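Here the structure comes first, spelled out in structure tokens, and everything after it is commentary.
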Amino acid sequence: MNKEQERQLRKQLKSTEPIQLPLSAEHLLLDLYTYILNWLCDQKSANEDHLLLSFKPFSNAFVNYLIIRTLRSSFKTIWVELFENNILITKVSNEERLNYEKVSLEEEEAIVQFLKGFSRIFCDLVTARKPLIGNNMLNDLMMLYHHFHSPLPSTFTF
């Protein structure tokens with residue numbers, strides 16, 4: 001992920017607009033949404049503060065984060081979090097929700113750092129400002145720069 005892609009990702013995460021999910025995740029999200037809505041409306045569960053749902057996480061941590069984030073934004077009276085291979089849903093007050101939202105900013109930063117992947121190593125190389133020594137490294141350095149810093153210009157002239 002280069003700097004422009006990171007900037008776009010952070011912009012999308014700050015936005016209230018939903019981020020497109022894969023179709024299988026959207027189906028799961030719809031099922032979870034319906035189940036939670038029924039749980040909240042059910043008079044028998046009115047005294048229950050927690051609900052634990054079985055959940056098989058996707059291999060992509062970002063998709064899991066987006067599912068949880070979408071559920072959190074859809075229901076203002078609950079807080080949703082991953083707990084092992086389950087989704088833990090807790091009824092919360094407004095004050096509790098504000099506290100949880102502060103913690104969710106740390107989760108968001110952790111997800112961005114996870115998605116940056118090798119780009120973090122490239123950034124460390126740039127900030128170290130140490131010479132890199134190798135044989136015929138110009139193409140390698142150009143590829144690294146293009147993929148992990150910013151796109152190269154389409155043309156170059158002296």
Side-chain angles (χ1 to χ4, degrees), residues 1-128 143-154:
M1 172 184 301
N2 63 34
K3 293 213 181 266
E4 179 60 26
Q5 292 167 330
E6 180 185 353
R7 188 188 63 74
Q8 288 174 356
L9 175 64
R10 288 183 187 278
K11 183 179 176 183
Q12 281 184 323
L13 290 174
K14 296 232 182 299
S15 169
T16 56
E17 295 179 24
I19 298 173
Q20 185 67 36
L21 290 168
L23 190 58
S24 58
E26 285 189 10
H27 289 303
L28 175 66
L29 185 62
L30 183 60
D31 291 343
L32 289 170
Y33 187 84
T34 305
Y35 196 87
I36 293 169
L37 195 58
N38 289 336
W39 177 68
L40 288 172
C41 294
D42 187 13
Q43 294 299 324
K44 294 176 186 174
S45 65
N47 294 334
E48 297 175 12
D49 289 339
H50 302 287
L51 176 65
L52 195 63
L53 298 175
S54 177
F55 176 68
K56 183 180 179 200
F58 287 85
S59 58
N60 186 337
F62 185 59
V63 172
N64 295 330
Y65 172 75
L66 290 179
I67 290 171
I68 298 301
R69 180 177 180 245
T70 304
L71 288 172
R72 286 175 181 168
S73 65
S74 298
F75 300 98
K76 299 299 180 192
T77 59
I78 64 169
W79 189 255
V80 183
E81 55 191 334
L82 279 175
F83 179 71
E84 295 173 3
N85 283 340
N86 299 300
I87 292 180
L88 178 62
I89 301 162
T90 308
K91 292 180 182 176
V92 294
S93 66
N94 288 339
E95 297 83 26
E96 291 172 319
R97 184 169 181 86
L98 289 173
N99 291 336
Y100 280 126
E101 285 175 351
K102 289 177 186 174
V103 173
S104 75
L105 294 175
E106 294 171 8
E107 285 178 2
E108 186 176 295
E109 184 58 31
I111 267 299
V112 169
Q113 291 302 317
F114 171 77
L115 291 174
K116 283 175 68 174
F118 184 78
S119 298
R120 294 182 301 171
I121 294 172
F122 181 76
C123 288
D124 288 344
L125 289 172
V126 170
T127 56
M143 188 271 309
L144 286 172
Y145 186 89
H146 177 72
H147 288 289
F148 301 113
H149 187 53
S150 62
L152 292 170
S154 58

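Computed over heavy atoms, backbone and side chain alike; hydrogens, waters and symmetry mates excluded. A quick note: this is a predicted structure, and the numbers were derived from the prediction, not measured. In what follows, residues are counted from 1 in the order of the sequence shown.
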Going by heavy atoms in the side chains, are [X] and [Y] under 4.5 Å from each other?
X: P22; Y: F58; answer: no
X: Q113; Y: K116; answer: yes
X: V126; Y: H149; answer: no
X: V80; Y: L88; answer: no
X: C123; Y: K3; answer: yes
X: L144; Y: F118; answer: yes
X: L40; Y: I36; answer: yes
X: I68; Y: N64; answer: no

What verdict does the side-chain contact (heavy atoms from CB on, under 4.5 Å) test give for N94 and L98, after you've listed the backbone C-alpha separation in whole Å, the side-chain angles of each residue and the deciding distance to 0.1 Å? CA-CA 6 Å; N94 288 339; L98 289 173; 5.7 Å; no

Please step through side-chain contact (heavy atoms from CB on, under 4.5 Å) for the pair Y35 and I89, ending with a clear verdict. CA-CA 11 Å; Y35 196 87; I89 301 162; over 6 Å; no

Is E108 salt-bridged to K14, cutoff N-O under 4.0 Å? yes

Whether R7 and E4 form a salt bridge (side-chain N of Lys/Arg under 4.0 Å from carboxylate O of Asp/Glu) is what I want to check.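 Yes, charged N to carboxylate O under 4.0 Å.
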
Is the gap between the ring centers of F75 and Y33 under 6.0 Å?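 Yes, they do, as the ring centres are separated by less than 6.0 Å.
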
About how many Å separate [atom2] of [Y] and [atom1] of [X], when rounded to the nearest 0.5 Å?
X: L29; Y: T34; atom1: CG; atom2: OG1; result: 9.0 Å
X: T90; Y: F83; atom1: OG1; atom2: CZ; result: 10.5 Å
X: S119; Y: H147; atom1: OG; atom2: NE2; result: 10.5 Å
X: I78; Y: L37; atom1: CD1; atom2: CG; result: 9.5 Å
X: L13; Y: L115; atom1: CG; atom2: CG; result: 8.5 Å
X: I19; Y: L66; atom1: CD1; atom2: CG; result: 5.0 Å

Does K91 reach the main-chain N or O of E48 with its side chain, forming a donor-acceptor pair under 3.5 Å?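 Checked: pair present.
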
Main-chain N/O of N2 paired with Q5 side-chain donor or acceptor, under 3.5 Å: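 Side chain of Q5 to backbone of N2, a donor-acceptor pair under 3.5 Å: yes, one is there.
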
Identify the heavy atoms of E17 and S15 that sit nearest to each other, and give their distance. N-OG, 3.0 Å

Grab the two heavy atoms, one from R72 and one from S104, that are nearest each other, plus how far apart they are.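 Scanning both residues, the minimum pair turns out to be NH1-CB, 3.6 Å.
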
Can you tell me how the ring of W79 sits relative to the ring of Y100, calling it parallel under 30°, perpendicular over 60° and tilted otherwise?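 Taking Y100 first and then W79, their aromatic rings lie parallel (interplane angle under 30°).
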
Just wondering, more than 12 heavy atoms not from F114 lying within 6.0 Å of its CZ?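 Open: at most 12 neighbouring heavy atoms sit under 6.0 Å from CZ of F114.
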
Heavy atoms from other residues, nucleotides or ligands near NZ of K76 exceed 12 (cutoff 6.0 Å):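 Counting neighbours around NZ of K76, more than 12 heavy atoms of other residues, nucleotides or ligands fall under 6.0 Å, so yes.
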
Evaluation steps, side-chain contact (heavy atoms from CB on, under 4.5 Å), between F55 and L53: CA-CA 6 Å; F55 176 68; L53 298 175; 5.8 Å; no

